[in-house]
Asker: 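Handing you a structure now.
Bear in mind that the values here come from a model prediction, so they are computed numbers and not experimental data. In this chain, residues are counted from 1 in sequence order.
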Amino acid sequence: MELTQQQQVKLEKVKLDPSWKVALSDFLVSSKMDNLRQFLLEEKQADKVVYPPSSMIFSALNLTPLDQVKVVILGQDPYHGPNQAHGLSFSVQKGIPLPPSLRNIFHELNTDLGVKPSIHGDLTNWATQGVLLLNSVLTVVAGQPTSHQKQGWEDFTDHIIDVLNEQKENIVFILWGAYAQRKGQRILRDKHLVLTAAHPSPLAANRGGFFGCKVFSKTNNYLEKHHIKPINWQLDS
């Protein structure tokens, strides 16, 4: 896509990892993105507290450049409590109590691979190894879960999945719960591995289908089979 000079100027203002900026450039200068920016501006002008902070909205993309993506863990939208969300799906900042879903994820990781549960919930270490921790919706109003759905983020993250489909091979997509699995219908199964299970939230996990899903060992087995360095899931040294 050939960008106009005006679009080039607009693109230069976007603070995003260069590999993603190139791959997503057509969307970043589109009217859909303009509308999304305007919506977020109006939310802040209305004195609404939006999570995560602006500088962290694209953390997943900035910590996991396009050429380094090995695994995608798809979430729904950010945590809506103070100081929790920092741009990575299921992750919370250090010093914040573990949300129930993340506690269950660590429990499954322990039973699957024997990895000792972390004392913190910051998954940055996974992201820097090539695990794209992508929420479908990248912002939320404080105390109001799903408040920024259907405002344009879903189109943006669909575009990210399309880029991964087209430009990459042998990615492991981990889809927990019906929402992620619906979004994952666009993934090309002949190029990538798709692992599905129930959502790790207590209500869903306790009904069955999450505990024992062994997605972590299945992921590493697949990566090793395709001569890709596996993920070290241990967060604490």
Asker: In Å, rounded to the nearest 0.5 Å, how long is the span from CG of L188 to NZ of K168?
Answerer: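 Rounded to the nearest 0.5 Å, the CG-NZ separation comes to 14.5 Å.
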Asker: Does the side chain of D112 come under 3.5 Å of the side chain of S217 through a donor N or O and an acceptor N or O?
Answerer: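 Per modelled atom types, D112 and S217 side chains form a pair under 3.5 Å.
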Asker: Would you mind reporting whether C213 and W176 have side-chain heavy atoms less than 4.5 Å apart?
Answerer: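 Yes, close enough: below the 4.5 Å cut-off.
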Asker: Taking the side chain as everything from C-beta on, heavy atoms only, tell me whether Q84 gets closer than 4.5 Å to P99.
Answerer: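 Heavy-atom side-chain distance check passes, below 4.5 Å.
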Asker: Indicate if F39 and I57 have the same hydrophobic cluster label, given that clusters are the connected sets of ILVMFWY residues with side-chain heavy-atom separations under 4.5 angstrom.
Answerer: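 Linked, F39 and I57 end up in one cluster.
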Asker: Is there a donor-acceptor contact under 3.5 Å linking the side chains of S136 and W153?
Answerer: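 No - no donor-acceptor pair under 3.5 Å links their side chains.
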Asker: Run the side chain to side chain contact (heavy atoms under 4.5 Å, CB included) test on V71 and I171 for me, step by step, so that the C-alpha distance in whole Å, both residues' side-chain angles and the decisive distance to 0.1 Å come before the verdict.
Answerer: CA-CA 5 Å; V71 181; I171 291 176; 5.7 Å; no
Asker: Calculate, to the nearest 0.5 Å, the distance between atoms CG and OG belonging to L102 and S118 respectively.
Answerer: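 Rounded to the nearest 0.5 Å, the CG-OG separation comes out at 8.0 Å.
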Asker: Do I73 and L134 come close enough that some side-chain heavy atom pair is under 4.5 Å?
Answerer: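 Counting from C-beta outward, I73 and L134 never come under 4.5 Å.
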Asker: Taking the six-membered ring for Trp, is the centroid-to-centroid distance between H199 and F90 below 6.0 Å?
Answerer: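 Yes; F90 has its ring centre under 6.0 Å from that of H199.
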Asker: Got a second to check how far S91's OG is from L63's CG, nearest 0.5 Å?
Answerer: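 Nearest 0.5 Å value for the OG-CG distance: 9.5 Å.
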Asker: Are L11 and F58 linked, directly or through intermediate hydrophobic residues, by side-chain heavy-atom contacts shorter than 4.5 Å (ILVMFWY only)?
Answerer: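 Yes: a chain of side-chain contacts under 4.5 Å links F58 to L11.
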Asker: Which heavy-atom pair separates L223 from N170 by the least distance, and what is that distance?
Answerer: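 Closest pair (atom of L223, atom of N170, distance): CD2-O, 4.2 Å.
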Asker: So, for D122 and K94, which heavy atoms are closest and what is the spacing to 0.1 Å?
Answerer: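 Taking D122 first and K94 second, the nearest heavy atoms are CB-CG, 3.6 Å.
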Asker: Given side chain to side chain contact (heavy atoms under 4.5 Å, CB included), test N135 with T157 step by step and report yes or no.
Answerer: CA-CA 8 Å; N135 278 316; T157 51; over 6 Å; no
Asker: Do you see a donor-acceptor pair shorter than 3.5 Å between the side chains of Q181 and Q185?
Answerer: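 No.
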Asker: Taking atom NZ of K191 as the centre, report whether more than 12 heavy atoms of other residues, nucleotides or ligands fall under 6.0 Å from it.
Answerer: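 Correct, the count exceeds 12.
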Asker: What's the shortest heavy-atom distance between L36 and Q151, and which atoms?
Answerer: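 Heavy atoms of L36 and Q151 come nearest at CD1-O, 3.6 Å.
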Asker: Distance check, rounded to the nearest 0.5 Å: L164 atom CG versus R186 atom CZ?
Answerer: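 With rounding to 0.5 Å, CG (L164) is 11.5 Å from CZ (R186).
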Asker: Any non-hydrogen side-chain atom of T146 less than 4.5 Å from a side-chain atom of V140?
Answerer: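 Side-chain contact under 4.5 Å: no.
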Asker: Walk me through it: do V141 and V49 pass the test side chain to side chain contact (heavy atoms under 4.5 Å, CB included)?
Answerer: CA-CA 6 Å; V141 173; V49 176; 6.0 Å; no
Asker: Do V50 and L88 share a hydrophobic cluster, counting only Ile, Leu, Val, Met, Phe, Trp and Tyr and linking them when any side-chain heavy atoms are less than 4.5 Å apart?
Answerer: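 V50 does not cluster with L88.
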Asker: Which residues end up grouped with I119 if you chain together Ile, Leu, Val, Met, Phe, Trp and Tyr wherever their side-chain heavy atoms are less than 4.5 Å apart?
Answerer: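 Grouped by the 4.5 Å side-chain rule, I119 forms a cluster of one, so the answer is none.
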Asker: Between K48 and E43, does any side-chain N to carboxylate O distance fall below 4.0 Å?
Answerer: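 Yes, charged N to carboxylate O under 4.0 Å.
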Asker: If you apply the rule side-chain hydrogen bond (donor to acceptor under 3.5 Å, both in side chains), what do you find for T64 with K70, and how did you get there?
Answerer: CA-CA 9 Å; T64 314; K70 303 176 183 179; over 6 Å; no
Asker: Shortest non-hydrogen contact from S201 to N104?
Answerer: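 Looking at all heavy atoms of both residues, the shortest contact is C-ND2, 4.0 Å.
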Asker: Is there a path from V163 to I187 through hydrophobic residues (I, L, V, M, F, W, Y) whose side chains come within less than 4.5 Å of each other?
Answerer: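 Yes, it is one cluster - the side chains of V163 and I187 are joined through contacts under 4.5 Å.
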Asker: Any chance you could measure I228, atom CD1, to T219, atom OG1, to the nearest 0.5 Å?
Answerer: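 Going from the CD1 atom of I228 to the OG1 atom of T219 covers 11.0 Å.
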Asker: Using every non-hydrogen atom in the two residues, find where D17 and L66 come nearest and quote the distance to one decimal.
Answerer: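 Closest pair (atom of D17, atom of L66, distance): OD2-N, 4.3 Å.
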Asker: Any chain of hydrophobic side-chain contacts (each under 4.5 Å) joining M33 to L16?
Answerer: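 Result: yes, single cluster for both.
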Asker: Which Ile, Leu, Val, Met, Phe, Trp or Tyr residues join L203 in one cluster when any pair of side-chain heavy atoms under 4.5 Å counts as a link?
Answerer: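 Direct or chained contacts put L203 with none.
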Asker: What are the two closest non-hydrogen atoms of H148 and V137, and how far apart are they?
Answerer: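 That closest heavy-atom pairing would be O-CG1, 3.5 Å.
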Asker: For a 4.5 angstrom cut-off between non-hydrogen side-chain atoms, does K32 reach F156?
Answerer: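 Not in contact.
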Asker: First locate atom CD1 of I161, then atom CD of E166, and finally report the distance between them rounded to the nearest 0.5 Å.
Answerer: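 Rounded to the nearest 0.5 Å, the CD1-CD separation comes to 12.0 Å.
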Asker: Find out whether L24 and H159 are in side-chain contact, i.e. whether some heavy atom of one side chain is under 4.5 Å from a heavy atom of the other.
Answerer: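 Answer yes - side chains close enough.
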Asker: Would you say E108 and F210 make side-chain contact, with heavy atoms under 4.5 Å?
Answerer: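 Yes; the side chains approach each other to less than 4.5 Å.
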Asker: Can Q76 and Q149 be said to form a side chain to side chain contact (heavy atoms under 4.5 Å, CB included), step by step?
Answerer: CA-CA 9 Å; Q76 190 164 346; Q149 288 190 6; 3.0 Å; yes
Asker: Y51 and H86: aromatic ring centres closer than 6.0 Å?
Answerer: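 No, the ring centres sit 6.0 Å or more apart.
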Asker: For the residue pair Q129 and N125, confirm or rule out a side-chain donor-acceptor distance under 3.5 Å.
Answerer: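 Result is yes, a qualifying pair exists.
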Asker: For the residue pair I174 and L74, establish whether any side-chain heavy-atom pair is separated by less than 4.5 Å.
Answerer: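 No - every pair of side-chain heavy atoms lies 4.5 Å or more apart.
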Asker: For T111 and K214, does a side-chain donor sit closer than 3.5 Å to a side-chain acceptor?
Answerer: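 Short answer, no.
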Asker: Quick check against the 3.5 Å criterion: does K183 have a side-chain atom that pairs as donor or acceptor with the backbone of E154?
Answerer: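 Answer holds: yes.
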